[in-house]
Amino acid sequence: MAMPPEDPLPELALLDRMKRGDEAAFVALYRRHSDAVYRLAMLYSGSSAAAADVTQETFLQFIARPGQYDPARGSIAAWLCGVARNLARHPDGAREEATDPADLADDIVPYAAQVDGDTPLEHLLRDETAERVRRAVAALPPHYRDVVILCELSELSYAEAAQVCGIDIGTVRSRLSRARAHLAQRLALFRPSGAEEALS
Amino acid sequence: MNGTIPMDPSRETLLDLKLDHLARELAAHSTPPALEAALVARFRAQAPVRRPAFWWIPPLALAAAVMLVSWIVRAPAPPSPAGAPAVSAAVSDPDGPFLALRPLEKIALDGTTVVETQFPRALLAGWGLPVAPERAAEPVHAQMLYSAEGEPLAVRIVQ
């Protein structure tokens with residue numbers, strides 16, 4: 001699912017023009033990345049309204065301080081996703097930052113209540129299968145949820161996910177493996193239509 | 001903690017199918033259109049003022065104009081038409097300068113004629129020129145510059 005990074009040069013040229021006030025360059029960058037940022041924000045926030053707010057705030061930050069993006073550290077897509085992730089996680093960011101990943105390895109119980117209760121997370125997607133998988137992803141511990149959202153659902157490379165989360169690629173791989181095991185376990189009783197044929 | 005957890009291939013495939021299903025469903029969701037307009041307006045308000053693409057034309061035109069004027073001022077004057085005496089040329093003549101008897105503007109504007117003549121030196125005193133009394137009766141060879149109406153404009157003593 002993870003995609004190889006694209007050639008950054010055209011994007012950097014657009015960014016350079018944008019910094020000089022070129023509106024067309026900003027629009028081009030916005031149209032290239034806004035949907036990915038919005039979907040990522042949907043997955044983190046569980047609400048389309050909140051996702052729109054996060055997307056707007058992310059690009060406002062991009063407009064106000066484009067110099068914060070360092071091409072040496074990764075792609076514009078990864079940087080935008082990192083900003084959106086931090087903004088979307090902000091309400092419970094302190095709790096997540098304080099959590100030791102080692103303690104979260106086999107613990108998904110505290111997050112089940114957050115997902116299955118009467119929260120904005122419900123009924124975000126009309127499709128039953130997609131909604132069930134989304135809720136299972138949302139129920140993952142934050143450090144596992146990060147890598148699933150970034151690598152499996154946002155098409156960032158392992159290197160870009162590592163950049164966003166501030167961890168090394170090896171840690172991304174191991175967390176993703178464990179996250180997939182958790183997801184498989186949680187979704188074991190649910191098989192989407194067509195799955196049987198695909199497996200046979 | 002950095003190890004991976006091996007999974008049954010069929011469970012891997014089933015999980016991939018489910019995640020693909022979610023990804024496809026998410027792909028149907030796009031950013032609200034109004035967001036772009038709001039952000040573009042914000043960008044316009046915050047973007048640095050851009051110089052027009054041809055900002056260099058006015059300073060270049062000014063520099064060219066200054067160079068042209070400088071060249072015109074320094075360029076040598078075109079030669080005078082044959083037969084038309086010019087005061088400036090006469091001034092640089094080795095016989096000596098013409099002495100203006102009328103305002104210079106009048107000399108420059110009128111069509112002029114140079115006439116060789118001879119007259120008593122005492123006549124120079126009438127034009128305000130110094131004359132030694134003992135030589136007042138001596139004749140003087142001179143060139144007179146006359147206007148088209150016959151009015152004397154300038155005189156030059158020929159040695």
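In what follows, chains carry the letters A, B, and so on, assigned in the order in which the sequence lines appear, proteins first and then strands, with residues in each chain numbered from 1.
Between His21(B) and Asp127(A) there is a side-chain heavy-atom pair separated by less than 4.5 Å. Taking 4.5 Å as the limit, some side-chain heavy atom of Phe43(B) sits within range of a side-chain heavy atom of Met18(A).
Nearest heavy-atom pair across Arg11(B) and Ala188(A) is NH2-CB, 4.5 Å.
Enclosure of atom CZ in Arg42(B) is not indicated, since only 12 or fewer non-hydrogen atoms of other residues, nucleotides or ligands lie within 6.0 angstrom. Counting non-hydrogen atoms of other residues, nucleotides and ligands closer than 6.0 Å to CZ of Arg65(A) gives a total above 12.
Among Leu60(A), Leu183(A), Val27(A), the residue making the largest number of heavy-atom pairs under 4.5 Å with chain B is Leu60(A). Heavy-atom pairs under 4.5 Å with chain B peak, among Arg180(A), Arg31(A), Gln56(A), at Arg180(A).
In terms of modelled atom types and a separation under 3.5 Å, the side chain of Thr31(B) and the main chain of Ser34(A) share a donor-acceptor contact.
Between the OG1 atom of Thr129(A) and the CG atom of Leu17(B) there is a distance of 10.5 Å, given to the nearest 0.5 Å. Residue Glu23(A) holds its CD atom at 11.5 Å from CG of Leu39(B), rounded to the nearest 0.5 Å. To the nearest 0.5 Å, atom CG of residue Asp53(A) and atom CG of residue Leu35(B) are 8.5 Å apart. Atoms CG and CG, on Leu43(A) and Leu26(B) in that order, are 5.0 Å from each other to the nearest 0.5 Å. In this structure, CG on Asp16(B) lies 6.5 Å from CD on Glu152(A), to the nearest 0.5 angstrom.
Residue Ala64(A) touches chain B through both its backbone and its side chain, counting heavy-atom pairs closer than 4.5 Å. For a residue to count as touching a neighbouring chain, one of its non-hydrogen atoms must lie under 4.5 Å from one of that chain's; by this rule Ala38(B) touches chain A with the side chain only. Contacts between Tyr30(A) and chain B at a heavy-atom distance below 4.5 Å involve the side chain alone, from C-beta outward.
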